[in-house]
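Structure first, then comments.
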Amino acid sequence: HLTVGNSTKSGLAYLTLPINRPPSSGTLIATPVSGNSLSTLFTLQADNWQDDDIPLTYQFFYSFPSDPNSITLLAAYSPNNKVISILPGQRSGGTVKLQVHVRDYFGAESIATTQVQVYPQTTSLQDAIDLYNQILADAQEKGPFETAQAITMITKELDDWEDTLTQNTPNPVCPSCSGRGYCPADKARCICENGWAIIDCSLSESDVSAIVDLKETLLQELADSYDQMKQQNSTFSQEDIDTVKDMIYQVLQDTVDNQH
C-alpha cells in the first residue's frame, strides 16, 4: 500500500497483486517399472495435479543417470496427462529417469520425476541394427514427428553400442590385436587383418560400415521429417516444429561427442 499525507491529512491507496502459484499435489507414475528397450510400451501418467488456473498442460522427458544434463523430449506440451511410449536403454545401467513438466494457464510450472529400469534386448550389433530399422519403418508410417522421436532414441542406443565397443578395448591393444592383426616392432598399434577395423581390430569392417550407413540414414530421415513438418505447418504447431529442430541439433551433438 501507499500512504500520502501533509501536516493535517493523510490518505492510503492499496493495490492487490495476485500471485500465480504453480500446479501442486501431483505425481508422475510409470508402468511397468521395468522392460526391454525400444520394445516395451511404458505408460507415463501425471495424476492429481491441482491448480485454479486451468487448463493444465503436460510435457514429458527422459534422461540417463550417466548424462543427466542431456534431457530428451518424449511428448510436447498438451492437455493429455498420459503418454505411452517405448524408451531407449543403456548397457552401462538400466535406469532411465522420467520427468513431467506441468504448466498452468499463465505459465507457472512444476516438475515431478520417477524412474524405470530399461534393458537392451539385443546382444549383437547386427540384431540391434535390424531392430532399429524396423522401429524406424514403423515410426515412418505414423508421421514425421513420431519418426523424429524414434530417431533420437535409436541414435542414443547406437551411440551406447559404440561406447560399449570402445570400453571393451584392451589397454594396451598390443600384442593381441584381438587375434585379428599384429603389432609392428617399431609401433605400438595394431595393423588389422583384411576385413577388421578399429584400434584393436575387434570390429568387422562390415559392422563399421553398417553403423556409418545407419547414422547417415537417421540424419537424413530426421532432416526430411523437419522439412515435412514445415511444409505441413497447418497440421503441426510451431512448438512441434521447433522441437524437431532441437532434435536435429541433439542428434548431431551426440554424434560429434561420440567421435571424441
Go through the steps for Tyr62 and Gln99 under the test side-chain contact (heavy atoms from CB on, under 4.5 Å), then give the verdict.
-> CA-CA 6 Å; Tyr62 68 88; Gln99 282 189 14; over 6 Å; no

Applying side-chain contact (heavy atoms from CB on, under 4.5 Å), run through Phe64 and Lys97 and close with a yes or a no.
-> CA-CA 6 Å; Phe64 299 106; Lys97 293 188 174 182; over 6 Å; no

Kindly determine whether Leu125 and Ile129 satisfy side-chain contact (heavy atoms from CB on, under 4.5 Å), including the steps that lead there.
-> CA-CA 6 Å; Leu125 180 60; Ile129 290 174; 4.0 Å; yes

Could you walk me through whether Cys190 and Cys183 pass the disulfide (SG to SG under 2.5 Å) check?
-> CA-CA 5 Å; Cys190 293; Cys183 292; 4.0 Å; no

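Residues Ser78 and Asn80 bring no donor and acceptor atom of their side chains to less than 3.5 Å of each other. Gln126 and Asp130 share a donor-acceptor pair across their side chains, judged by distance under 3.5 Å alone. Checking Asn36 against Ser39 by side-chain atom types alone, no donor-acceptor pair falls below 3.5 Å. Looking only at atom types and distance, the side chain of Thr95 has a donor-acceptor partner in the side chain of Gln117 under 3.5 Å away. Looking at Glu157 and Ser37, their side chains do bring a donor and an acceptor atom within 3.5 Å of each other. Under 3.5 Å, the side chains of Asp227 and Gln231 contain no donor-acceptor pair of N or O atoms. Asp224 and Gln228 share no side-chain donor-acceptor pair at under 3.5 Å.
Here the OG1 atom belonging to Thr147 is positioned 10.0 Å from the CG atom belonging to Asp138, to the nearest 0.5 angstrom. Rounding to the nearest 0.5 Å gives a distance of 12.0 Å between OG of Ser34 and CD of Gln115. In this structure, Ile211 CD1 and Leu203 CG are separated by 5.5 Å, a value rounded to the nearest 0.5 Å. Rounded to the nearest 0.5 angstrom, Phe42 CZ and Thr31 OG1 are separated by 9.5 Å. One distance of note links NZ of Lys156 with CD of Gln90; it measures 8.0 Å at 0.5 Å rounding. Note that CD of Glu221 and CD of Gln140 are 4.5 Å apart. Values are rounded to the nearest 0.5 Å.
Side-chain atoms of Thr43 never come within 3.5 Å of backbone atoms of Ile84 as a donor-acceptor pair (strictly under, hydrogens ignored). Side chain of Ser176 to backbone of Gly179: no donor-acceptor contact under 3.5 angstrom is found.
The ring-ring contact (aromatic ring centres under 6.0 Å, His included) test applied to Phe61 returns His101, not counting sequence neighbours. Remark: Arg180 pairs with no residue by the salt bridge (charged side-chain N to carboxylate O under 4.0 Å, His left out) rule, at least two apart or across chains. Under the salt bridge (charged side-chain N to carboxylate O under 4.0 Å, His left out) criterion, Glu193 pairs with no residue at all, not counting sequence neighbours.
The environment of CD1 in Ile111 is crowded: more than 12 heavy-atom neighbours from other residues, nucleotides or ligands sit within 6.0 Å.
Between Ile86 and Met153 there is a side-chain heavy-atom pair separated by less than 4.5 Å. Between Trp196 and Asn194 the shortest side-chain heavy-atom distance does not fall below 4.5 Å. Counting heavy atoms from C-beta outward, Ile29 and Thr114 have side chains that stay 4.5 Å or more apart. Residues Leu136 and Ile154 meet the side-chain proximity criterion, which asks for heavy atoms closer than 4.5 Å. Phe60 is not listed as a side-chain neighbour of Tyr77, based on a closest heavy-atom distance of 4.5 Å or more. Within the 4.5 Å cutoff, the side chain of Asn81 has no heavy atoms near those of the Val102 side chain. Side chains of Leu158 and Asp160 form no contact here, defined as non-hydrogen atoms less than 4.5 Å apart. No side-chain heavy atom of Thr113 sits less than 4.5 Å from a side-chain heavy atom of Leu98.
Contacts classified as salt bridge (charged side-chain N to carboxylate O under 4.0 Å, His left out) and involving residues 15-36 (residues at least two apart or in different chains) are not found. Within the structure, every pair that satisfies the disulfide (SG to SG under 2.5 Å) test and touches residues 199-247, not counting sequence neighbours, is listed here: Cys192-Cys201. For the side chain to side chain donor-acceptor pair (under 3.5 Å) condition, the pairs that include at least one residue of residues 47-58, sequence neighbours left out, are Gln45-Asp47.
Taken together through direct or relayed side-chain contacts under 4.5 Å among Ile, Leu, Val, Met, Phe, Trp and Tyr, Tyr132 and Val208 form part of one hydrophobic cluster. Put simply, Leu41 and Leu44 are part of the same group of oily side chains (I, L, V, M, F, W, Y) that touch within less than 4.5 Å, one to the next. Following chains of ILVMFWY side-chain contacts shorter than 4.5 Å, one can reach Ile241 starting from Phe145, so the two form part of one hydrophobic cluster. Both Leu214 and Leu219 are part of a single hydrophobic cluster, where members link through side-chain heavy atoms under 4.5 Å apart. Residues Phe106 and Leu56 fall into different hydrophobic clusters, defined by Ile, Leu, Val, Met, Phe, Trp and Tyr side chains chained together at heavy-atom separations under 4.5 Å.
Considering every non-hydrogen atom in both Ser178 and Asp200, the closest pair reads OG-O, 2.7 Å. For the residue pair Ala46 and Val100, the shortest heavy atom distance occurs at CB-CG2, 4.1 Å. When every heavy atom of Ser204 is checked against every heavy atom of Ser206, the shortest pair comes out as OG-OG, 2.9 Å. Ser202 approaches Ile198 most closely through the heavy-atom pair OG-CD1, 3.3 Å. In this structure, Asp104 and Pro23 approach most closely via the heavy-atom pair N-CG, 4.0 Å.
With salt bridges taken as basic N to acidic carboxylate O contacts below 4.0 Å, one links Lys215 and Asp159.
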